[in-house]
S.K.: 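Once you've had a glance at the structure underneath, I'll fire off some questions.
Predicted, not measured: the structure shown is a model, and the values here were computed from it. Position 1 is the first residue of the sequence; numbering continues from there.
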Amino acid sequence: MKMERAGGTRRKLRKCFQKKKNDLVYLLALVGLWLFRKIPLSLALRIGGALGYAAYYVLPGVGARALGHLSLALSAETSAKERRGIARRSFGNLGKNAAELVNYHRIQGELGRYVSVVGREHLDGALAGNAGVLWIAAHLGNWELMACCLAQLGYPIHVVAREIYDPRLNRLLMRFRSEAGVSVIQRDSPSAAREILRAVKVRGCLAMLIDQDTKVKGVMADFFGIQANTPAGPALLACRQSIPVIAGCIHRLAGGKHEIVIAPPIEIVRTGDTAADTRVNTERFNKILEGFIRQYPDQWVWMHRRWRRRSPYQARPSRKPSGSVTI
């Protein structure tokens with residue numbers, strides 16, 4: 001009985017601590033919103049980057065995790081000193097991302113000066129058919145800015161995303177995306193499968209970030225030479241719907257500018273063996289994204305627990321509409 005009461009007390013304390021932590025994060029977000037909009041964009045970027053760097057030291061456990069992942073993936077080609085620099089800059093990149101997202105209204109007015117696009121002809125060619133396009137990407141550079149920019153260029157962007165842990169922060173992010181013209185499909189919504197199929201059938205551009213270990217139906221696929229649980233939905237969708245698949249990324253350039261790189265359409269393997277095709281195509285996707293990350297390693301989210309699972313995540317069975325795809 002005493003042990004049960006003690007366990008209940010600990011759970012209540014953890015819940016209380018988490019709520020206080022979430023309240024603090026939300027308050028800091030509001031302060032950041034106000035500050036970053038009051039100062040010049042160049043200064044906001046410097047402050048955002050500095051805060052990101054500071055987070056590397058203030059959160060030593062998270063920083064150590066990033067270094068551990070860098071050692072797993074890049075130990076053969078980088079020194080320990082280089083990996084520490086990459087880790088610090090990856091934290092700084094996240095701070096800059098926040099500053100840019102808050103100030104997108106400024107970037108939007110001078111999009112051509114801030115963002116250039118390489119390989120746009122690949123996307124235009126893929127969209128010339130009767131169906132939409134599946135765009136696979138990674139949490140590289142400022143991925144939110146990439147979606148916003150493509151939407152402003154006239155592409156019907158639909159992003160599959162999950163809700164952030166704090167509803168208040170989620171509402172802020174949803175508002176930013178909506179104001180930029182990005183349509184969001186909530187991954188856990190009962191209507192998600194129907195919305196996804198609708199997006200690709202009306203010549204939309206369906207964007208999926210597949211470089212993280214998330215709680216969706218997955219498949220183990222090579223990523224930096226290590227098996228990683230990877231969302232299976234994109235490969236399943238590509239096989240079943242026979243739609244073009246494009247990979248793209250955004251990365252930072254000097255002077256606060258960005259470049260969006262769009263690769264040629266990916267050749268999809270369709271042998272009729274669903275399980276084998278899903279694994280093979282997922283590994284192809286991973287290889288392309290890995291190539292992007294190797295080019296710009298200090299702009300990827302190394303602090304994410306990418307290789308935490310030893311077997312693919314399997315979502316609980318649920319009733320889905322006929323022809324739907326689990327994402």
S.K.: Rounded at 0.5 Å granularity, tell me how far CG in Leu111 sits from SG in Cys149.
M.R.: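 Rounded to the nearest 0.5 Å, the CG-SG separation comes to 4.5 Å.
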
S.K.: For residues 30-52, dump all side-chain donor-acceptor pairs below 3.5 Å to protein atoms at least two apart in sequence or in another chain.
M.R.:
residue : atom : partner : partner atom : Å
Arg37   : NE   : Val102  : O            : 3.3

S.K.: Tell me, do Ile268 and Phe285 make a side-chain contact under 4.5 Å, heavy atoms counted?
M.R.: yes

S.K.: Are a donor atom and an acceptor atom from the side chains of Gln299 and His251 found within less than 3.5 Å of each other?
M.R.: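 Distance-only check fails for Gln299 and His251.
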
S.K.: For the OG atom of Ser191 and the CD1 atom of Ile196, what is their distance to the nearest 0.5 Å?
M.R.: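 That separation rounds to 9.5 Å.
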
S.K.: Can you tell me if Arg308 uses its side chain to pair, donor with acceptor, with the backbone of Asp213 under 3.5 Å?
M.R.: yes

S.K.: Do you know which two heavy atoms are closest between Pro264 and Ile246, and how far apart they sit?
M.R.: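 Taking Pro264 first and Ile246 second, the nearest heavy atoms are C-CD1, 4.3 Å.
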
S.K.: Mind checking whether Lys257 and Ser116 have side chains closer than 4.5 Å, heavy atoms only?
M.R.: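 The answer is no, as the side chains (C-beta and beyond) never meet within the 4.5 Å cut-off.
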
S.K.: Does the side chain of Thr214 come within less than 4.5 Å of Tyr313's, by heavy atoms?
M.R.: no

S.K.: Do Glu267 and Val245 touch side chain to side chain, with heavy atoms closer than 4.5 Å?
M.R.: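 Not in contact.
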
S.K.: For Leu206 and Val159: C-alpha separation, side-chain torsions, deciding distance, then whether side chain to side chain contact (heavy atoms under 4.5 Å, CB included) applies.
M.R.: CA-CA 6 Å; Leu206 180 70; Val159 176; over 6 Å; no

S.K.: Under a 3.5 Å cutoff, is there a donor and acceptor pairing between the side chains of Asn281 and Arg284?
M.R.: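 Short answer, no.
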
S.K.: Is the closest side-chain heavy-atom distance between Glu259 and Val115 below 4.5 Å?
M.R.: no

S.K.: Where the side chain of Asn229 meets the backbone of Met220, is there a donor-acceptor pair that is under 3.5 Å apart?
M.R.: no

S.K.: Heavy-atom distance under 4.5 Å between the side chains of Tyr56 and Val62, does that happen here?
M.R.: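 They are not in side-chain contact.
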
S.K.: Test side chain to side chain contact (heavy atoms under 4.5 Å, CB included) on Lys96 and Asn142; report intermediate values, then the result.
M.R.: CA-CA 8 Å; Lys96 292 177 182 178; Asn142 193 337; over 6 Å; no

S.K.: Would you give the length of the straight line joining atom CZ of Arg198 to atom CD of Glu195, rounded to the nearest 0.5 angstrom?
M.R.: 6.0 Å

S.K.: Which heavy atom in Tyr296 sits nearest to a heavy atom in Cys249, and how many Å separate them?
M.R.: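 Shortest heavy-atom separation between Tyr296 and Cys249 comes out as CE1-SG, 4.4 Å.
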
S.K.: Please step through side chain to side chain contact (heavy atoms under 4.5 Å, CB included) for the pair Ile262 and Val117, ending with a clear verdict.
M.R.: CA-CA 8 Å; Ile262 305 173; Val117 183; 3.9 Å; yes

S.K.: To the nearest 0.5 Å, what is the distance between CD on Glu283 and OG1 on Thr278?
M.R.: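 Result: 12.0 Å between the selected atoms.
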
S.K.: Group every Ile, Leu, Val, Met, Phe, Trp and Tyr by side-chain heavy-atom contacts under 4.5 Å, then state whether Ile293 and Ile136 land in the same group.
M.R.: yes

S.K.: Hey, what do you get for CE (Met303) to CG (Leu70), rounding to the nearest 0.5 Å?
M.R.: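 The distance works out to 9.0 Å.
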
S.K.: Around Glu77, counting heavy atoms of other residues, nucleotides and ligands shown, do more than 12 lie under 6.0 Å from its CD?
M.R.: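 Counting neighbours around CD of Glu77, more than 12 heavy atoms of other residues, nucleotides or ligands fall under 6.0 Å, so yes.
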
S.K.: Ignoring hydrogens, what is the shortest heavy-atom contact between Leu94 and Trp143? Give both atom names and the distance.
M.R.: CD2-CH2, 3.9 Å

S.K.: If you group Ile, Leu, Val, Met, Phe, Trp and Tyr by side-chain heavy-atom gaps below 4.5 Å, do Phe91 and Leu74 land in one group?
M.R.: yes

S.K.: If you apply the rule side chain to side chain contact (heavy atoms under 4.5 Å, CB included), what do you find for Val200 with His158, and how did you get there?
M.R.: CA-CA 9 Å; Val200 296; His158 306 268; over 6 Å; no

S.K.: When you measure from the side chain of Arg65 to the backbone of Arg305, do you find a donor-acceptor pair of N or O atoms at a distance under 3.5 Å?
M.R.: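 No, the answer is negative, given that no donor and acceptor are paired below the 3.5 Å cut-off.
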
S.K.: Pairing donors with acceptors under 3.5 angstrom, does anything connect the side chains of Tyr104 and Gln152?
M.R.: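 Side chains of Tyr104 and Gln152: pair found under 3.5 Å.
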
S.K.: Surrounding CZ of Arg294 (heavy atoms of other residues, nucleotides or ligands, distance under 6.0 Å), is the total greater than 12?
M.R.: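 Yes, CZ of Arg294 has more than 12 neighbouring heavy atoms, counting only those of other groups under 6.0 Å.
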
S.K.: How close do Gly141 and Asn93 get, heavy atom to heavy atom, and via which atoms?
M.R.: O-ND2, 3.2 Å

S.K.: A side-chain contact here means heavy atoms from C-beta on lying under 4.5 Å apart; do Ser90 and Val301 qualify?
M.R.: no

S.K.: Is it possible for you to say whether Tyr155 and Met208 belong to one hydrophobic cluster, with membership spreading through side-chain heavy-atom contacts below 4.5 Å?
M.R.: no

S.K.: Is it true that a side-chain atom of Glu290 and a backbone atom of Phe224 form a donor plus acceptor pair closer than 3.5 Å?
M.R.: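 Confirmed, Glu290 side chain pairs with Phe224 backbone.
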
S.K.: Answer yes or no: is there a donor N or O on one side and an acceptor on the other, between the side chain of Glu82 and the main chain of Ser79, under 3.5 Å?
M.R.: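 Such a contact is found between Glu82 side chain and Ser79 backbone.
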
S.K.: Does any donor atom in the side chain of Arg252 or Asn97 lie under 3.5 Å from an acceptor atom in the other side chain?
M.R.: yes

S.K.: Could you give me the CA-CA distance, side-chain angles and deciding distance for His139 and Trp300, then say whether ring pair (Phe, Tyr, Trp, His ring centres under 6.0 Å) is met?
M.R.: CA-CA 6 Å; His139 293 79; Trp300 191 59; 8.4 Å; no

S.K.: Using modelled atom types and a 3.5 Å cut-off, is there a donor and acceptor pairing between side-chain atoms of Asn103 and backbone atoms of Arg106?
M.R.: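 Looks like no, no N/O pair under 3.5 Å.
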
S.K.: Okay, side chain of Arg89, backbone of Pro297: is any donor-acceptor separation there less than 3.5 Å?
M.R.: no

S.K.: Please tell me whether Glu100 and His258 have a donor and an acceptor in their side chains that are separated by less than 3.5 angstrom.
M.R.: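 Distance-only check passes for Glu100 and His258.
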
S.K.: Indicate the atoms forming the closest heavy-atom contact of Ala151 with Ala180, along with that distance.
M.R.: CB-O, 3.6 Å

S.K.: Have Asn286 and Thr230 got a donor and an acceptor in their side chains that come within less than 3.5 Å?
M.R.: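 Yes, Thr230 and Asn286 have a side-chain donor paired with an acceptor closer than 3.5 Å.
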
S.K.: Under the 3.5 angstrom rule, does the side chain of Asp298 hit a backbone N or O of Ala87 as a donor-acceptor pair?
M.R.: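 Not at all, since once roles are kept as given, no pair shorter than 3.5 Å links the two residues.
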
S.K.: Can you tell me how far apart CH2 (Trp302) and CG (Leu67) are? Round to the nearest 0.5 Å.
M.R.: 11.0 Å

S.K.: With the 4.5 Å side-chain cut-off for hydrophobic clustering, are Met146 and Tyr114 part of the same group?
M.R.: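 Linked, Met146 and Tyr114 end up in one cluster.
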
S.K.: Taking His304 for its side chain and Gln212 for its backbone only, find out whether a donor-acceptor pair lies under 3.5 Å.
M.R.: no

S.K.: Quick check on the hydrophobic clustering: are Val182 and Ile260 connected, directly or via other members, by side-chain heavy-atom contacts under 4.5 Å?
M.R.: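 Looking at the clustering, Ile260 is in the same group as Val182.
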
S.K.: Cation-pi check for Phe223 against Arg306: NZ or CZ below 6.0 Å from the six-membered ring centre and within 45 degrees of the axis, yes or no?
M.R.: yes

S.K.: Thr271 and Val269: which non-hydrogen atoms are nearest, and at how many Å?
M.R.: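 What the structure gives for the nearest pair is CG2-CG1, 3.7 Å.
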
S.K.: Quick check against the 3.5 Å criterion: does Asp277 have a side-chain atom that pairs as donor or acceptor with the backbone of Gly272?
M.R.: yes

